[in-house]
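Down below is the structure, laid out as structure tokens.
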Amino acid sequence: MTSLTSAPPAGRTSPDRRPRSRLRFWRSPAGQPRWARPALLGIAALAALLYTWNITSSGFAPYYSVAARSMSVSWEAFLFTSLDPSATLTLDKIGGFLWPQALSARIFGFHDWALTLPQCVMGVISVLVMYRLVRRWQGPAAGLLAAGLLTVTPVAASMFGHAMLDGSVTMCLVLAADAYQRAVRSARLRSLLLCGLWIGLGFQAKMMEAWVIVPALFVGYLVAAPVRLRRRIGQLALAGALMFTVSLSWVALMTFTPERDRPYVDGSTGNSAAAMVFGYNGFNRLHAGLLDGAAPAAGAARTSPHPGGTDTPGPSADGPGTSDPDTGSTGAPERDTDKPGTPGPDAEGSGGTGGTGGAGDTEGTASAGDTEGTGSTAGTGTGDTRGTTSRQPHPDPDSTSALKLFESARYAPQIGWLYPLALSALVHGLLRHRKAPRTDQARAGHLMWGVWLIGTAALLSSFDFPHTAYLAPLAPPLAALAAAGTIALWRAHRKAEGGARAWVLPAVIVAETAWTVRLASDYTGFAPWLIPVAVAAALIAVLVLTLRRTAARRRFALAGMLAGCVAMFAAPAAWSLSVLDERHAGSAFDAAAGPLPAGLPTGKPSISHRPGAGGGPGGPTGGDAGPTGGVGAIGRDLRTSLTPAQSELLAYVEKHDGDAKYPFSAENWAAAAPYIYAEGTPVLPLAGMHSTSVTLTEYRHLVASGDIRFTLVDDAGAKSSEVGSWIASACAEVDPRAYGATDRGSEKAPAQTLYRCEPSDATSH
């Protein structure tokens, strides 16, 4: 009879078991215990419940969701992962994570739940694959526990329930590890190539973060694959070549496509995809200025130009209210094209001319304290230059500490509950298998998971990352090591006849419980029962597990182990299950289950489409960051998100724009967002978060060619932006009453001015 603590030999099955029908998916395959598949399905159902519970109010990350909307209506925008439907500017990162979201929006319509649905599916896939990974390594009991622990990792419970990029890369890493495991057991090149493919696809989701797993897989395969060293090196070289090919495919697409035929690359100062990927989103985040040609990277101190030509102090990594050294504006070469390149919004915040209050991607929103902040004015310099914008780092005072993964009240409760158990399991496993043959798969598993965990933790400790979702790559190795360690320590404890070995498992339970008490003590108001339950369960476990070897000890040993599991796993489970309450579910801007540390705002930021909010007539530029959930209830038609004044303005422009390529231009991406959301309108943003989207020369060319006839400019933009100033001086203001608005200054009056530009204006001014 198979127990919960022993893995049956491969191929072992009950004599009376009939061949499993494919329709009876709940029955375990041959070679696995009868309880394995039903238990796995139960865990998967729990994961699906947690991830989809708030799907209809999961909300939008405005920057990313605007791009998803554009990609859902334009295949060109889909290919280039562009912010606007006309594909004039890219995101400030590779937008491959938006491909599933955009396809979902094409099928189901543009709603927040449609964008979140692919992430929910990815989360369940990750849980199922985690079971298979750990089952092959340590047996079905450990596999089930690993799948369950991944499910109740707080950062994962929140992340997979929202439309954010980290869910995609996490799934790709788990699938890469699954393919690697097949390769290292059999030295099959096909499996190793599949591993490289998954890492490359993960790179399209979150760029260099997908490569954090490479050292672990390289070391594991080089040490343990059952072939000669020369062949191991050759296979790794082939898999690496495929990985780099897939990883760099989008960069190559942007590099070798003529600039006139593709969008401008945001995150760069010279329209360079390589600078954006490896500079702004890569090495420059570790140290500012390592690679030239990139926009100021996250974590780099800087200020943004202020309307009127003065620099205002911007928040820095030292905290709100401190002054950053000015990075200045960055020049961009003039491009002879009828398709303006448009550096888009900064992932660290919303911006553009006029300092919009719109929120950025998952790395930026004005009102969430868990963000890199909002940008201020862009493109305030003179000449054909592109200005830069600022960011606001999150306010966590522990964010710059090298020990922030352990000390931060924001990060540790989202990922760190299992630190003592996972590290104990790693040490125990390596010591236990230290004399094993080179190809021993048990030791190879500990080596791979250990390098993954320690390498990723070291990387995250080396720079100031803005969001808890960055912690997601730690979740799989923590879950795998904690699960394997729990089962291995239990098996070793059962075999121990006494002495020091019999105390290893109780000691680990005590250490894990003490760590739980330390983390939970800051949140006694959230779950006041948690610490007493954990302590009581730990005491019961220690008392039972340390009884002398008697019949009573053997009878109650399993009950003691279950009590120990309650002590060790109750806290992460409580944090993760709290996502069933929308107040503790996090948001599309940041993955955070459970209570937030004191000092961080608890509201859910979103773009509001109430009358008077959003860019354009009827409200201030930029989105509203209120405490509400998302802006897309299931089945809701986002055409209703436009205010009456915005709808009337859009109707007026579409009636009078003739055959113009762009119905109108807007001050920045946040001002254009409502029109892109509602109709997929190919509005041209004049500025993004990093810089202005078009130079004055380029804009005048568009006007002269008849590609643009209308533009929205606010007073600040008319004073601070060269393009805005030229529009205000050269083009004719449209009477607001012509499109249903009344006098400026009334409640219905536009916050921005609509101008009409004739081709002759571009040559006569």
Side-chain angles (χ1 to χ4, degrees), residues 46-62 65 111-113 115-117 119-120 123 151-164 166-167 359 362 365-371 394-396 408-417 466-469 471-472 519-531 533 570-610 613 623-634 636:
L46 174 62
L49 176 69
L50 294 179
Y51 305 154
T52 61
W53 186 261
N54 298 305
I55 192 172
T56 59
S57 59
S58 54
F60 291 123
S65 59
H111 314 283
D112 53 354
W113 65 266
L115 302 188
T116 303
L117 182 61
Q119 271 55 49
C120 299
T151 299
V152 297
T153 298
V155 68
S158 176
M159 174 185 68
F160 285 122
H162 296 94
M164 52 178 50
D166 304 87
T362 50
T365 175
S367 66
D370 51 5
T371 66
H394 52 78
D396 187 354
S408 171
R410 183 178 174 214
Y411 300 145
Q414 298 300 321
I415 194 63
W417 297 100
H467 301 287
T468 54
L471 300 167
L519 292 184
S521 60
D522 292 332
Y523 304 95
T524 53
F526 168 67
W529 51 268
L530 180 59
I531 292 178
V533 167
W575 252 251
S576 296
L577 291 173
S578 72
V579 301
L580 298 176
D581 184 341
E582 190 176 0
R583 296 174 300 170
H584 301 302
S587 73
F589 295 87
D590 205 23
L596 291 176
L600 288 182
T602 58
K604 262 191 167 185
S606 67
I607 275 189
S608 170
H609 293 282
R610 305 188 310 264
D624 171 68
T628 59
V631 294
I634 187 168
R636 178 178 177 182

Rounding to 0.5 Å, atoms NE2 (H111) and OG (S58) come to a distance of 11.5 Å
Working to the nearest 0.5 angstrom, can you tell me the gap between N54 CG and C120 SG?
10.0 Å
Return the minimal non-hydrogen interatomic distance between A574 and F526, and the atom names on each side.
O-CZ, 4.1 Å
Provide the closest heavy-atom pair for T56 versus W113 in the form atom of the first, atom of the second, distance.
CA-CB, 4.2 Å
Working note: L577 + V152, criterion side-chain contact (heavy atoms from CB on, under 4.5 Å); need CA distance, chi angles, decisive distance, verdict.
CA-CA 7 Å; L577 291 173; V152 297; 5.5 Å; no
Closest heavy-atom contact between D590 and A469?
OD1-N, 3.8 Å
Please report the closest heavy-atom contact between V579 and A593, naming both atoms and the distance.
CG1-CB, 3.6 Å
Drop me the distance from T153's OG1 to F160's CZ, to the nearest 0.5 angstrom.
9.5 Å
For F589 and F60, which heavy atoms make the closest approach, and how far apart are they?
CE1-O, 3.5 Å
Looking at W53 and L580, would you say the former's side chain and the latter's main chain have a donor-acceptor pair under 3.5 Å?
yes
So, S158 side chain and A591 main chain: donor-acceptor pair closer than 3.5 Å or not?
no
If I compare all heavy atoms of T468 with all of Q414, which pair ends up nearest, and what's the gap?
CG2-CG, 4.1 Å
For H162 and Q119, run side-chain contact (heavy atoms from CB on, under 4.5 Å): C-alpha distance rounded to whole Å, both residues' side-chain angles, the deciding distance at 0.1 Å, then the answer.
CA-CA 7 Å; H162 296 94; Q119 271 55 49; over 6 Å; no
Short question: side chain of S578, backbone of W575 - any donor-acceptor pair under 3.5 Å?
yes
